[in-house]
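The block underneath contains the structure these notes are about, expressed in structure tokens.
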Amino acid sequence: MSDKRRGRLIVFEGVEGAGKSTQLERLDGHLARAGVPHRAFREPGGTVLGDSIRALLLDPLSTISARAEALLFMASRAELVSRELRPALEAGTIVFLDRFFLSTYAYQIAGRDLAESDVRSANTMATHGLVPDVTLLLTLSADVGLRRAERRSTTDRIERSGREFHTRVELAFREFTTREWQAAHEECGPIVALDASGDADAVEALVFDAVTSRFPELRTAFGAAA
Ligand code: Z5A
């Protein structure tokens with residue numbers, strides 16, 4: 001399909017507790033202080049329908065089969081892409097997104113063992129061909145990430161999927177950083193792996209470098225905000 005986008009889609013990915021929300025908030029703060037128009041969304045969610053789906057998907061009391069789970073993530077995504085992401089990008093806005101379809105590839109294909117071809121086809125329908133300008137993949141072991149996330153008072157349904165599930169997810173994310181995998185999955189766009197094991201300031205420096213080297217126009221914005 002033709003791509004009329006003029007904005008930038010910057011996606012954060014990684015295991016639970018990798019620091020995606022923390023880094024997204026920091027980037028968001030830099031751009032806000034510099035007066036650069038931007039939007040931030042998270043998956044699942046970001047629309048009225050998506051927020052209802054999010055509540056269902058994360059509720060520890062929900063019983064959801066693997067295929068239904070994958071399709072619910074897709075429904076939330078389709079709504080977000082058509083109602084929010086595409087219009088914002090076509091208006092020239094920078095869009096930050098906390099998780100996108102790499103998460104489905106990690107959690108539903110590797111984690112739940114669904115067929116890759118089925119999930120990829122459904123995802124093509126959900127994204128309608130939207131490719132991120134860059135995905136910042138925060139790499140961290142599932143163990144460390146879960147320990148960080150456990151500091152929260154509650155755990156959601158997916159967090160409760162067991163250690164083996166989360167190890168499969170971690171290994172999948174690791175595979176996504178390889179050139180071979182990326183060459184076979186062009187729909188994912190460029191993926192930049194960033195070591196998320198340091199403290200939040202160290203990770204922020206890596207994010208800053210990755211974003212400003214890819215989008216030099218933002219270096220000025222960061223400079224103006226400093
Ligand atoms: N999911 C899926 O299965 N399929 C899909 O297609 C999609 C998602 C899109 C969404 O839950 C769940 O849905 C998620 C994947 C699945 N489940 N799992 N498991 P969510 O949106 O509620 O959760 P999340 O995306 O995993 O976010 P998170 O747990 O909040 O992780 P995070 O955003 O990467 O981390 P954080 O909130 O920034 O930080 C977590 C804690 O660590 C917090 O206390 C921070 O202060 C601390 N932190 C952050 N950075 C650091 C550093 N560098 N050092 C030490 N401590 C840190």
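Each residue takes its place number in the sequence, starting with 1. The figures that follow rest on heavy atoms only: side chains count, while hydrogens, waters and symmetry mates do not. Start at 1 and go down the list; that is how both ligands and their atoms are numbered.
Regarding atom 23 (O) of ligand 1, its nearest protein heavy-atom neighbour is Glu16 OE1, 3.8 Å. Among all non-hydrogen protein atoms, the one lying nearest atom 45 (C) of ligand 1 is Thr22 OG1, 3.9 Å. Here the protein heavy atom with the shortest distance to atom 33 (O) of ligand 1 is Ser21 OG, 2.5 Å. When hydrogens are left out, the protein atom nearest atom 31 (O) of ligand 1 is Gly17 N, 3.0 Å; that is the closest non-hydrogen contact. Closest to atom 30 (O) of ligand 1, if we only count protein heavy atoms, is Arg152 NH1, 2.9 Å. Of the protein's non-hydrogen atoms, Arg148 CD, 4.1 Å is the one closest to atom 48 (N) of ligand 1. Of the protein's non-hydrogen atoms, the one nearest atom 8 (C) of ligand 1 is Phe73 CE2, 3.4 Å. The protein non-hydrogen atom at the shortest distance from atom 47 (C) of ligand 1 is Arg151 NH1, 3.8 Å.
Heavy atoms of Arg77 found under 4.0 angstrom from ligand 1 belong exclusively to the side chain. Contacts between His166 and ligand 1 below 4.0 angstrom, taking non-hydrogen atoms only, involve the side chain exclusively. With a heavy-atom cut-off of 4.0 Å, Gln108 touches ligand 1 through its side chain alone. Proximity of Arg99 to ligand 1, defined as any heavy-atom pair under 4.0 Å, is confined to the side chain (atoms from C-beta onward). Contact annotation for Asp199 and ligand 1: only backbone heavy atoms (N, CA, C, O) come within less than 4.0 Å of the ligand. Heavy atoms of Arg54 found under 4.0 angstrom from ligand 1 belong exclusively to the side chain.
With Arg54 contributing its side chain and Gly45 its backbone, the two residues share no donor-acceptor pair below 3.5 Å. In this structure a side-chain-to-backbone donor-acceptor pair under 3.5 Å is missing from Ser76 to Leu72. Using modelled atom types, no side-chain atom of Ser197 and backbone atom of Leu140 make a donor-acceptor pair closer than 3.5 Å. Side-chain atoms of Thr139 come within 3.5 Å of backbone atoms of Leu194 as a donor-acceptor pair (strictly under, hydrogens ignored).
Geometrically, ligand 1 and Ala18 share a nitrogen or oxygen pair separated by less than 3.5 Å. The shortest N/O to N/O separation between Pro44 and ligand 1 does not fall below 3.5 Å. Below 3.5 Å of separation, one finds no N or O of Leu58 facing any N or O of ligand 1. Here's the thing with Lys20: one of its N/O atoms is less than 3.5 angstrom from an N/O atom of ligand 1.
Under a 4.0 Å criterion applied to the non-hydrogen atoms of Gly19, ligand 1 contributes the atoms 32 (P), 34 (O), 35 (O), 36 (P), 38 (O), 49 (C), 50 (N). Near Gly198, with a cut-off below 4.0 Å to any heavy atom, the atoms of ligand 1 are 52 (C), 53 (N), 54 (N). Per-residue contacts place Ala200 under 4.0 angstrom from the following atoms of ligand 1 (heavy atoms of the residue considered): 52 (C), 53 (N). Proximity to Ile158 (heavy-atom distance under 4.0 Å) selects the following atoms of ligand 1: 3 (O), 13 (O), 16 (C), 17 (N), 18 (N), 19 (N). Close approach of ligand 1 to Thr104 is summarised as follows: ligand atoms under 4.0 Å from at least one heavy atom of the residue are 5 (C), 6 (O).
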With side chain to side chain contact (heavy atoms under 4.5 Å, CB included) as the criterion, how do Arg67 and Asp118 come out once you've worked through the C-alpha distance, each side chain's angles and the decisive distance to 0.1 Å? CA-CA 10 Å; Arg67 282 168 196 281; Asp118 289 349; 3.8 Å; yes

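Between Ser103 and the choices Tyr107, Phe100, Tyr105, Phe101, the side chain to side chain contact (heavy atoms under 4.5 Å, CB included) rule is met once, by Tyr107.
The nearest protein heavy atom to atom 43 (C) of ligand 1 is not closer than 4.0 Å.
Distances shorter than 4.0 angstrom do not occur between any heavy atom of Ser76 and any atom of ligand 1. Ligand 1 is never approached by Gly14 to a heavy-atom distance shorter than 4.0 Å.
Looking only at side-chain heavy atoms (C-beta outward), Gln108 and Met74 stay at 4.5 Å or farther from each other. Side-chain contact between Leu146 and Arg163 is present, with heavy atoms from C-beta onward closer than 4.5 Å. Residues Thr127 and Glu187 form no side-chain contact, since every pair of their non-hydrogen atoms from C-beta on lies 4.5 Å or further apart. For the pair Arg219 and Phe208, the minimum side-chain heavy-atom distance is below 4.5 Å. Contact annotation: the side chain of Phe165 approaches that of Ile158 to within less than 4.5 Å [non-hydrogen atoms, C-beta and beyond]. The side-chain heavy atoms of Arg168 and Asp113, taken from C-beta on, include no pair separated by under 4.5 Å.
Of all heavy-atom pairs spanning Gly198 and Val203, the tightest one is O-CG2, 3.7 Å. Across all their heavy atoms, Arg99 and Gly14 have their closest contact at NH1-O, 3.0 Å.
When the side chains of ILVMFWY residues are joined at heavy-atom separations under 4.5 Å, either directly or via intervening members, Ile53 and Leu58 end up in a single hydrophobic cluster.
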